[in-house]
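Report on the following structure.
Fair warning: this is a prediction, and the values are worked out from it, not measured in the lab.
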Amino acid sequence: MGLTLLLFLCFSVILTPSLSQHHSPLNTAYYRRSCPRFEQIMQETTTNKQITSPTTAAATLRLFFHDCFVGGCDASILVSSTPFNKAERDAEINLSLPGDGFDVVVRAKTALELACPGVVSCSDILAVAARNLVVQTGGPFYPVKLGRKDSFTSKASLVEGNLPRPTMSMDQIIKIFGSRGFSVPEMVALSGAHTIGFSHCKEFSSNLYNYNKTSQYDPSYHPRFAQALRNACNNFQKDPTLSVFNDIMTPNKFDNMYYQNLPKGLGLLSSDRGLFSDPRTRAHVEEYIRDQNAFFKAFASAMQKLSDHGVKIGRSGEIRHRCDAFNN
């Protein structure tokens, strides 16, 4: 009788339709029997890729964020366009997503298809890769529940307005996060992902050149930082690949230096500097400046919540054979 009850409880957890964080149908042991080497293969793949290409961590984190905020964490960002469908990755805001994020997923999928064909979803691969790479660069570990299915659709037309842009007002950014159930403190914590990675000059050039009648650059920049950015980005119109680290102090280390930079006028994007100037977000920035552990705890919690956002389960998705194409 006890065993029957236990089995019923197990199945009720797996089959529950709720997708909230506390009643997720996902679980950390999802591949324990069907693909026992899943965690090992993921760890080897992400470690090797990050060693050879140190920009992989930030690229993968951004890719994951862009995937989850448009229709949920369902690997729709990975699908290539066809003559009949313009996919998410070809939306204007996604054209600058670095190739290393896509590549680490492809490498992991290839290895996993050899070990356990047709078992592991691309959306689970992306979620775990993002977590592993945060840890590899010095950030906090957090458990990632598994069992997501991959989407049946990916449309560029659904992207615009669903991802925050660096030029948006704090009102707009708070609204985008809020519509997905994220509080202001969670938004500030997730913004801390800018402690690694870089941004292209075209994303913030309007703050550097001919800003207004009285200043060439946005006066919220530290003057020497603004001049250094103007020099670094001077040729951005001819060379769109020109870019600058988001955190100029410790660009490859996941830490709280991103927040420490903000009061000094060393925030790269206007949306970064806005976190310190806006009274709704400033207290949280100040907390994360004082206490890196508080930032890590808040970031880990927000990433767990993000990882559960809008996931597909059961027949609402599939296990893609290739991450860049729907199954036939």
Which of these passes side-chain hydrogen bond (donor to acceptor under 3.5 Å, both in side chains) with Glu88: Ser81, Ser151, Ser76?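 With Glu88 as partner, side-chain hydrogen bond (donor to acceptor under 3.5 Å, both in side chains) holds for just one option, Ser76.
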
Kindly indicate, with the supporting measurements, whether the criterion salt bridge (Lys or Arg N to Asp or Glu O under 4.0 Å) is fulfilled by Glu44 and Arg107. CA-CA 10 Å; Glu44 288 171 359; Arg107 291 183 185 208; over 6 Å; no

Taking [X] first and then [Y], would you say they form a salt bridge - that is, a charged N and a carboxylate O separated by under 4.0 Å?
X: Glu39; Y: Arg131; answer: yes
X: Glu286; Y: Arg290; answer: no
X: Arg320; Y: Glu113; answer: no
X: Asp171; Y: Arg280; answer: yes

Using a 3.5 Å distance criterion without hydrogens, assess whether the side chain of [X] forms a donor-acceptor pair with backbone atoms of [Y].
X: Gln172; Y: Ser169; answer: yes
X: Asn246; Y: Leu268; answer: no
X: Ser301; Y: Ala298; answer: no
X: Thr195; Y: Gly192; answer: no
X: Asn327; Y: Ile319; answer: yes
X: Ser53; Y: Gln50; answer: no
X: Ser316; Y: Lys312; answer: no
X: Asp67; Y: Asp74; answer: yes
X: Lys305; Y: Gly181; answer: yes

Do the side chains of [Y] and [X] get nearer than 4.5 Å, heavy atoms only?
X: Ile77; Y: Leu63; result: yes
X: Asn162; Y: Arg180; result: yes
X: Phe64; Y: Ser307; result: yes
X: Tyr31; Y: Ser121; result: yes
X: Tyr258; Y: Phe295; result: no

Checking side chain to side chain donor-acceptor pair (under 3.5 Å) for the pair Asn256/Gln260: CA distance, chi angles, key distance, verdict? CA-CA 7 Å; Asn256 71 338; Gln260 294 183 48; 2.9 Å; yes

Please determine if Arg230 forms a cation-pi arrangement with Tyr221, meaning its NZ or CZ atom is less than 6.0 Å from the six-membered ring centre and no more than 45° off the ring axis.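 Negative - Arg230 is either too far from the ring of Tyr221 or too far off its axis.
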
Checking side chain to side chain contact (heavy atoms under 4.5 Å, CB included) between Arg148 and each of Val120, Leu126, Ile313, Leu26, which is the one that passes?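 Going through Val120, Leu126, Ile313, Leu26 one by one, the side chain to side chain contact (heavy atoms under 4.5 Å, CB included) with Arg148 is satisfied by Leu26 alone.
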
Determine the minimum heavy-atom distance between Ile196 and Asn252, stating which atoms define it.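 What the structure gives for the nearest pair is CG2-C, 4.0 Å.
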
